[in-house]
Amino acid sequence: MMHEPQTLAPATETKMTARDVRVFYGDKQAIKGVSIDVDMDNVTAFIGPSGCGKSTFLRTLNRMNDTVASARVEGAITLDGEDIYAPSMDVVQLRARVGMVFQKPNPFPKSIYENIAYGPRIHGLAAGKADLDVIVEKSLRRAGLWDEVKDRLHDSGTALSGGQQQRLCIGRAIAVEPEVILMDEPCSALDPIATAKIEELIHELRGRYAIVIVTHNMQQAARVSQRTAFFHLGELVEYGVTSDIFTNPRQERTKDYITGRYG
Amino acid sequence: MMHEPQTLAPATETKMTARDVRVFYGDKQAIKGVSIDVDMDNVTAFIGPSGCGKSTFLRTLNRMNDTVASARVEGAITLDGEDIYAPSMDVVQLRARVGMVFQKPNPFPKSIYENIAYGPRIHGLAAGKADLDVIVEKSLRRAGLWDEVKDRLHDSGTALSGGQQQRLCIGRAIAVEPEVILMDEPCSALDPIATAKIEELIHELRGRYAIVIVTHNMQQAARVSQRTAFFHLGELVEYGVTSDIFTNPRQERTKDYITGRYG
Amino acid sequence: MSATRNPTDWKSDVMQKRIARRYAAERRFKLLGLFAVMLSAAFLAFLLFTMLGNGLRGFTRTEIALQVDFPASPLLLDPANITDQGLVGANLPMVTSEVAKKALGPDADALLSPTAWTSIRDAIKADPRILSRTETISVPASTVIDLAAKGKGSPQAEAAVARLKQQGVLSTGFNASFLTGSDGTDPTQVGIWGAFKGSLLTMLVTLLLSFPVGVATALYLEEYARKSWWTDIIEVSINNLAAVPSIIFGLLGLSIFLNFMHLPRSAALVGGMTLALMTMPVIVIAGRNAIKSVPPSIRDAALGIGASPVQVVFQHVLPLALPGILTGTIIGMARALGETAPLLMIGMRAFIATPPGGITDPATVLPVQIFLWSDEVSKGFVEKTSAAIIVLLVFLLAMNGLAIYLRNKFEKRW
Amino acid sequence: MTGPAIFLLLAGLGAIAWVSARARALRLQTVARTSGRRDAVHSLPGYHGWYVALWTLIPAAIFLAIWANVSPGLITQTVLSDPAAQSLPADAFSRSAILGEARNIASGAQAAAFNPAAQALVEPYRSAISEYGVIGAVLALVLAFAGGAYAFTRVRPDFRARTRVERLVMASLLIASLLAIVTTLGIVVSLLWESIRFFSMVNPVDFLFGTKWSPQSAALGYGNKDAFGAVPLFWGTIFIGAIIAMVVAIPLGLMSAIYLTQYARPQVRKWMKPILEVLAGVPTVVYGYFAALTIAPALRDFAVSVGIHGASSESALAAGLVMGVMIIPFVSSMADDSIAAVPQSMRDGSLAMGATTSETIRKVLIPAALPGVVGGVLLAVSRAIGETMIVVMAAGLAANLTLNPFSSVTTVTTQIVQLLTGDQEFDSAKTLAAFALGLVLFIVTLLLNIVALRVVKKYREAYE
Amino acid sequence: ALTLAGCGDQGGGGAGGTRDQIRAVGSSTVYPFATAVAELFVQGNPGMKSPIIESTGTGGGMKLFCAGVGAQYPDIADASRRMKKAEFEMCQQNGVKDIVEIQIGVDGLAFAESSKGPGFKLTPRIVYEALAANPYGKGPNKAQSWKDVDPSLPAIPISVFGPPSTSGTRDSLAELILEKGCQSDEAMKALKEKNEDEYKATCTRIREDGKYVDSGENDNLIVQKLGANPNALGIFGFSFLEENKDTLKDVPINGVKATYETVSTGQYPGARPLYIYVKKAHMQAVPGLQAYLNAFAANWGPDGPLTKRGMVAAPDDVRKASAEAVKSLTVLDGSVLK
Ligand SMILES: Nc1ncnc2c1ncn2[C@@H]1O[C@H](COP(=O)(O)OP(=O)(O)OP(=O)(O)O)[C@@H](O)[C@H]1O
Ligand SMILES: Nc1ncnc2c1ncn2[C@@H]1O[C@H](COP(=O)(O)OP(=O)(O)OP(=O)(O)O)[C@@H](O)[C@H]1O
Ligand SMILES: [Mg+2]
Ligand SMILES: [Mg+2]
Ligand SMILES: O=P([O-])([O-])[O-]
């Protein structure tokens with residue numbers, strides 16, 4: 001177990017920190033003492049074989065694991081230095097600040113407009129209809145979807161293609177002005193062209209938000225991220241600059257995985 | 001579309017042939033004129049991105065697609081020169097000759113013994129209890145599972161670990177003495193150790209049975225197969241000696257796929 | 001950090017208030033849900049307690065101990081030759097009345113159940129030797145006394161009860177004959193066995209007809225039928241039959257089974273057939289769901305080693321689906337067991353004092369018996385009605401419990 | 001020969017057929033196997049056994065079924081030609097009573113004759129029964145042998161016995177599934193037939209749109225025009241079943257489902273769900289009794305105490321309330337299913353935006369589940385409008401067109417019971433009206449169901 | 001299904017089949033007496049199966065009874081009014097030729113109120129004017145309270161629970177009370193001669209605006225409802241009144257209360273005969289039928305068990321005639337029926 005956080009040189013502003021995080025589903029331990037820092041200016045990729053706990057760990061970062069009855073989280077996670085598991089932390093606000101995009105695009109069965117407006121509405125971020133319109137347009141623009149949908153904002157979000165749906169979901173997350181965006185295999189259900197679009201989008205969003213992306217496609221990790229964390233069996237095996245991890249892994253397990261010995 | 005079979009030098013005995021096979025799900029064409037030869041002494045791997053039709057094509061080889069109401073198969077497929085879609089072909093016997101192992105281990109919720117004995121029983125392959133015992137032992141040995149389960153043959157097959165279950169399923173397929181074994185991503189639900197065991201098993205079974213394996217892990221294809229077929233969008237893009245495909249792909253699409261541009 | 005960012009101030013007052021409001025709404029909503037559940041449960045509890053409160057008394061009856069001096073009584077009976085016929089001619093009602101008058105005073109007839117003499121008859125039948133001595137025999141009290149003894153009588157009756165109590169002849173105890181007897185006209189003597197047996201026979205017919213047909217249909221539709229206009233029709237028919245008002249089945253039974261096929265009226269056979277038509281779709285639907293929940297991988301596995309479709313179904317799918325099918329069957333049967341309206345249409349609302357011997361004998365069933373008793377003149381029937389309801393509810397709860405148990409026990413996740 | 005004996009004999013023959021055919025197939029299999037061809041024998045020996053056994057049994061069984069229906073007539077013919085039968089009374093019922101009794105004695109079903117005339121016929125009966133019994137048995141056995149022998153000659157290695165046997169299994173499954181259609185047809189035919197007669201007496205327009213329901217006036221010779229306006233019944237049905245009951249059932253059912261699926265701990269859910277389901281399992285006659293004797297008087301007292309005019313002790317409200325409670329589990333289980341069918345990803349999506357649980361439920365889950373919930377409610381409505389006993393016992397018979405829930409109304413189902421169990425004129429419009437009402441009820445529930453199933457299905461497909 | 005169909009036709013000996021249980025159908029008023037006799041019959045004839053008695057209402061019973069001769073048709077029709085001519089003819093058409101009519105007793109059509117009630121005093125005229133749909137043919141009934149009908153009565157809204165149009169009791173209400181009240185108007189008497197149909201309609205049709213609540217065949221419910229509703233009036237068989245004397249009190253008609261005496265002497269205006277009708281053709285075929293009739297005859301006397309259940313014994317001469325009918329099975333002459 002490594003309790004020493006695997007940080008990099010303090011080149012950039014640290015947004016979230018995790019210290020010795022352990023997650024249990026009932027009796028089963030899914031995350032075994034992971035410590036990691038997520039910083040602002042880089043895209044962080046989590047890779048690892050199926051079931052190693054990537055998604056589980058990602059979900060601890062915005063307390064989505066609270067919704068799983070059997071899940072229990074130990075250890076400390078902070079956002080801007082605040083403990084997000086502290087009783088004083090309001091999970092509703094936390095989740096607004098740490099947005100999430102899922103593996104399968106999951107637009108609400110409402111219009112495109114309503115999908116984006118949903119978050120600002122519940123959080124009361126828009127002062128009126130006009131304000132909301134501005135937010136919707138801005139979010140769709142940032143998500144790179146505005147040009148494709150501006151003429152049919154009131155069509156159902158589920159009528160879009162898979163890649164558009166995923167960008168809609170990213171736009172929806174952006175609309176509440178989050179500080180961190182977590183993405184769990186956002187491209188695994190998409191075709192190559194849509195994947196390329198999302199990857200491009202991630203490039204553009206970088207710097208504006210702290211981004212964490214889980215992927216099973218190592219090439220994708222190599223393409224989009226600056227930092228890569230390799231998980232295996234609930235442990236964080238290695239964390240470092242992406243190009244180092246792929247060209248020069250320090251751990252045997254990382255190397256085996258990258259060369260396809262398993263997974 | 002390529003209607004010319006992509007065969008290799010006639011070095012080995014050809015077990016199954018497919019000529020211009022087209023498969024439709026309703027109106028949607030999932031396989032677009034694939035011709036291929038499967039030979040006895042080599043393991044053949046099918047690779048390709050998700051949804052490209054690997055599983056669909058594999059399932060035409062033992063007519064498992066018959067069970068999908070909307071599926072329609074055109075073209076010719078032979079087993080030892082016999083047309084397997086001819087009316088005189090009894091599909092029950094065909095499936096006994098062309099066994100299948102699935103992506104998710106699917107043992108019957110019965111004892112280990114019964115799992116193996118089921119096939120020989122329905123095909124009347126055993127003359128009596130003693131005969132059956134012999135078959136069960138032999139099959140479990142070949143599946144590399146005998147030592148692990150010989151003391152608990154009457155425990156439920158579903159109580160085994162994932163990797164053991166998958167080997168049980170292989171043993172079950174072997175028990176009816178098939179001539180061909182089709183495997184559809186047999187390791188994708190398994191951990192690295194179990195995967196290694198199955199890969200080893202495939203090595204051992206090679207030569208005794210014609211083996212076709214679908215995998216999404218290119219390294220696995222490289223490790224276990226001698227021939228690789230690359231599918232894309234329902235077409236057979238390239239078929240050849242595995243090492244050639246991976247080091248020296250003739251098609252641009254193959255190369256892009258192998259280097260992770262998509263999938 | 002980019003210049004265009006305008007992060008939301010989550011700590012602002014406005015935001016904090018807004019959050020508080022949202023949480024209050026959350027709590028209210030949750031309470032509303034809890035309230036709905038509680039209200040439904042409370043209603044059920046209220047119903048059950050009302051029935052229990054009214055009905056438990058129905059399981060007891062008041063008896064009066066009579067001292068019968070057989071040798072001195074004007075009984076026309078040859079002790080050596082006790083036959084049913086002999087007992088009929090023995091003038092027992094009169095003798096009983098006289099004995100009672102001697103013991104309890106001139107208004108004794110009003111104190112005893114009109115059929116009190118049958119208790120003496122049964123005592124003689126059980127042991128003819130008592131004819132040679134004085135014997136104390138407990139006979140049922142009249143309804144008026146029975147109710148008064150249970151605290152629900154008129155002042156006169158209460159006075160009579162007080163008097164009897166003083167004489168020490170009155171006792172209220174568990175009424176076994178309520179469980180063993182059949183319909184009758186005297187509430188102190190009636191029982192539910194006849195209706196219960198009628199229910200059993202009816203359910204037997206229902207089960208034997210609906211279960212195999214239901215399961216076969218479910219198998220056909222789920223496993224074999226290729227989707228076509230034909231299976232669509234079958235499917236629509238079944239879904240529709242499951243929701244057709246039960247009374248329509250009564251109309252069907254009346255016009256097809258009685259008027260057209262001339263099957264016997266009031267018989268468990270016809271009741272069972274009518275209810276079977278009603279239950280069958282329930283079984284089909286439950287069966288299809290159970291069959292659907294058998295993972296396709298099991299079918300693939302079997303097909304993959306060359307099992308024929310029939311083998312797949314009968315050796316793998318059916319055994320795995322059986323718990324689900326049984327659960328559905330029990331629920332369907334429970335519904336049929338509680339059904340009244342269609343049976344009224346086919347003449348199962350008759351006075352039937354002998355338990356049916358077979359499925360073609362006239363019979364009634366528990367819910368119809370409840371319906372009939374709720375319309376009886378004598379007030380003694382009120383508590384009998386509730387008691388019968390308790391019996392029916394216990395029966396039904398047991399069936400539902402079994403279904404839930406099966407469901408929990410075999411609920412498998414593959 | 002008696003019935004059971006024949007059955008035993010046939011069963012024995014079937015067993016022999018099974019065993020011998022199987023043995024033969026087994027032998028053939030062994031031969032084939034030693035010759036090394038593993039696919040030489042098509043079917044397992046057991047299938048050959050079944051094939052031959054079925055050929056032995058089915059023709060004979062069909063014959064016996066026919067014979068059982070034909071032979072009594074033949075036996076009676078024989079007995080009637082006996083001189084002892086000359087003295088039988090002319091009237092058919094007494095005659096058949098005597099004959100039947102004689103028959104029962106002859107067959108041992110009855111010990112002694114109640115009617116002396118029967119005694120004389122016992123002997124002729126006995127001989128006729130045994131005579132025809134023997135004929136039937138012999139014919140059945142011949143058939144069994146013939147069938148078995150034919151099938152036995154077909155036992156060969158390449159004979160596809162399994163296919164044949166399985167085809168029979170399939171055929172019986174298919175036949176079973178046809179029963180649903182037969183039942184539906186039966187309902188339609190039996191309702192339609194009588195309804196047509198009704199509509200030849202009463203103008204369908206008057207029936208469907210008339211506002212005066214008063215079968216008694218028809219009986220009193222007032223003509224049918226003003227007597228069979230079913231609108232008050234339809235209104236009563238809708239008022240009780242689709243309005244009052246639903247006002248109770250929808251909020252309670254929906255909120256229960258929401259609470260149990262979204263908030264309650266698994267342990268609570270595990271217990272509360274079945275408890276609520278019990279509400280649907282309580283027999284309607286119990287609800288009726290409860291509504292009539294407990295709820296209705298209480299409601300009436302309440303209405304009177306708050307000064308509502310025209311409160312009746314048999315009120316639409318009492319029946320509707322109780323019916324609503326009965327329907328709660330239907331609504332809640334349909335809502336439960338629909339909410340559960342909304343993909344978890346929707347819920348996650350909303351929660352991840354920072355929505356509270358109730359916001360997620362109200363803004364995402366319920367709108368998404370709405371078609372399913374609506375479908376469920378339609379099904380519940382169709383169940384409610386078909387409910388009979390509660391209304392029979394608690395809502396009365398007055399065909400009022402009223403909006404006052406405290407007054408008495410009547411429903412279609414109640415009137416059906418009333419018209420068919422009460423005093424009936426011969427073939428009068430009054431009795432036939434019950435069938436016409438039944439037809440309307442059937443059509444309405446059919447439509448409701450088709451719509452509901454369509455809605456539910458459409459929406460399930462949207463997520464699958 | 002073949003074997004099932006076979007079961008139905010147990011006798012199998014030709015038309016009719018056999019049956020070893022007596023079957024009676026019909027009046028809900030007679031039902032308690034018929035069942036009581038059934039019980040006595042079984043007690044007196046051990047080994048006999050108990051008769052099956054179905055309460056269908058008089059008319060419903062007649063329909064089943066007259067459907068034919070044979071095992072699937074009932075042997076006895078219970079009636080709380082006399083057989084109608086139309087019913088008799090239907091019987092004849094269906095081959096039910098010889099019918100034995102037996103009057104078993106008398107019933108009072110009781111009017112009752114809650115013991116907390118205002119103490120109504122009624123006459124047939126008042127009842128008619130309060131309940132008729134169209135009193136004296138002068139347009140719809142507008143009476144809202146009893147006072148509107150007769151100033152002597154309290155100003156209580158009219159609310160009457162009574163038998164449904166489907167019962168014999170309702171026929172009796174029409175015949176014994178409403179028609180009499182109606183005939184207080186001379187014009188109506190004249191109308192009877194002129195136009196029988198219109199007369200019937202005017203004099204016997206009951207209002208349907210909710211003032212008269214018909215309560216199904218469930219007389220017990222009427223009793224319960226009267227208890228809950230002190231201002232309502234109930235109409236049902238005399239036996240229910242007898243049984244519920246503690247919660248109900250009877251309402252005099254023309255100053256006569258319904259008591260055993262007034263009903264048996266016919267002094268009470270709502271007195272009506274109760275009948276059973278038997279198929280002579282079934283006498284030989286159904287075991288015990290004669291004994292069942294005998295049991296009726298043995299128990300219908302003034303001190304017999306039936307009067308304890310609330311039936312009123314018929315006058316001596318009627319009982320004698322009925323006993324004779326039971327013995328010699330005198331066949332009903334259709335021409336005396338209406
Ligand atoms: N809700 C749950 N209840 C119990 N165990 C769970 C649950 N969710 C995940 N697990 C287990 O926790 C472990 C980690 O799962 P997780 O989903 O985080 O893996 P992953 O790395 O995201 O895999 P994948 O690449 O397949 O998405 C696995 O063993 C999984 O079986
Ligand atoms: N039963 C079916 N009905 C309709 N379309 C189907 C069906 N099964 C597969 N398809 C479609 O056929 C195409 C090929 O599917 P197939 O499962 O063969 O792909 P695959 O290469 O095996 O993918 P994977 O790697 O995800 O298993 C896909 O587009 C898929 O959506
Ligand atoms: Mg994951
Ligand atoms: Mg696949
Ligand atoms: O049942 P009735 O006596 O009123 O016909």
Side-chain angles (χ1 to χ4, degrees), chain C residues 83-85 87-89 92-93 109-110 114-115 117-118 121 143 153-155 157 182-186 189 194 205 209 257-259 261-267 269-270 273 347-354 357-364 371-382, chain E residues 1 4-5 7-10 17 19-21 23-25 28 31-40 42-56 64 67 70-74 216-221 223-224 236-237 239-247 305 308-310:
Chain C
T83 61
D84 284 346
Q85 208 53 52
L87 281 166
V88 168
L92 265 170
D109 278 349
T115 47
W117 60 272
T118 55
R121 179 193 65 193
T143 309
S154 59
S182 290
D183 199 4
T185 58
D186 180 357
Q189 299 274 32
V205 174
L209 292 178
F257 298 146
L258 294 189
N259 294 345
M261 284 165 73
H262 294 297
L263 296 182
R265 201 175 156 82
S266 313
L269 174 67
V270 177
M273 286 165 73
M348 288 189 89
R349 57 185 273 159
F351 171 80
I352 293 159
T354 15
I359 54 169
T360 54
D361 286 352
T364 190
F371 182 66
L372 287 176
W373 282 354
S374 75
D375 193 24
E376 278 286 346
V377 186
S378 167
K379 279 200 292 193
F381 274 107
V382 174
Chain E
L4 289 177
C7 296
D9 188 357
Q10 276 171 322
R19 178 151 48 67
D20 55 1
Q21 277 166 312
R23 288 204 70 127
V25 293
S28 61
Y31 174 82
F33 313 128
T35 52
V37 172
E39 224 163 49
L40 294 163
V42 174
Q43 283 157 4
N45 298 274
M48 276 292 177
K49 284 198 177 164
S50 173
I52 309 299
I53 297 156
E54 212 179 312
S55 153
T56 61
L64 290 165
Q72 72 265 45
Y73 306 109
E217 299 282 347
N218 199 331
D219 295 340
N220 227 11
L221 273 181
V223 172
Q224 302 273 359
F236 39 72
S239 52
F240 283 84
L241 179 61
E242 284 285 273
E243 180 68 23
N244 294 287
K245 277 213 184 104
D246 51 341
T247 52
K308 290 212 184 78
R309 308 195 136 260

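Order of the sequence lines fixes the chain letters, A, B, ..., with proteins taken first and strands second; residue numbering starts at 1 for each chain.
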In Å, rounded to the nearest 0.5 Å, how long is the span from [atom1] of [X] to [atom2] of [Y]?
{"X": "C/D109", "Y": "E/K308", "atom1": "CG", "atom2": "NZ", "value": "6.0 Å"}
{"X": "E/I52", "Y": "C/T354", "atom1": "CD1", "atom2": "OG1", "value": "5.5 Å"}
{"X": "C/D183", "Y": "E/E39", "atom1": "CG", "atom2": "CD", "value": "8.5 Å"}

#### Entry: C/T364 versus chain E, the contacting section by heavy-atom distance below 4.5 Å
neither
### Query
Is it the side chain or the backbone of C/T115 that comes within 4.5 Å of chain E heavy atoms, both, or neither?
side chain
Side chain / backbone / both / neither for [X] at chain C, heavy atoms under 4.5 Å:
{"X": "E/E242", "value": "neither"}
{"X": "E/Q43", "value": "both"}
{"X": "E/P74", "value": "neither"}
{"X": "E/A67", "value": "neither"}

### Closest-packed option against chain C by number of heavy-atom pairs under 4.5 Å, given E/K245, E/E54, E/Q21, E/R309
E/E54
### Message
Out of C/S182, C/P93, C/A267, C/G347, return the one with the most heavy atom pairs under 4.5 angstrom to chain E.
### Response
C/G347
### Summary
Closest non-hydrogen atoms of C/P362 and E/R23, given as atom of the first, atom of the second and distance, are CG-NH1, 4.3 Å
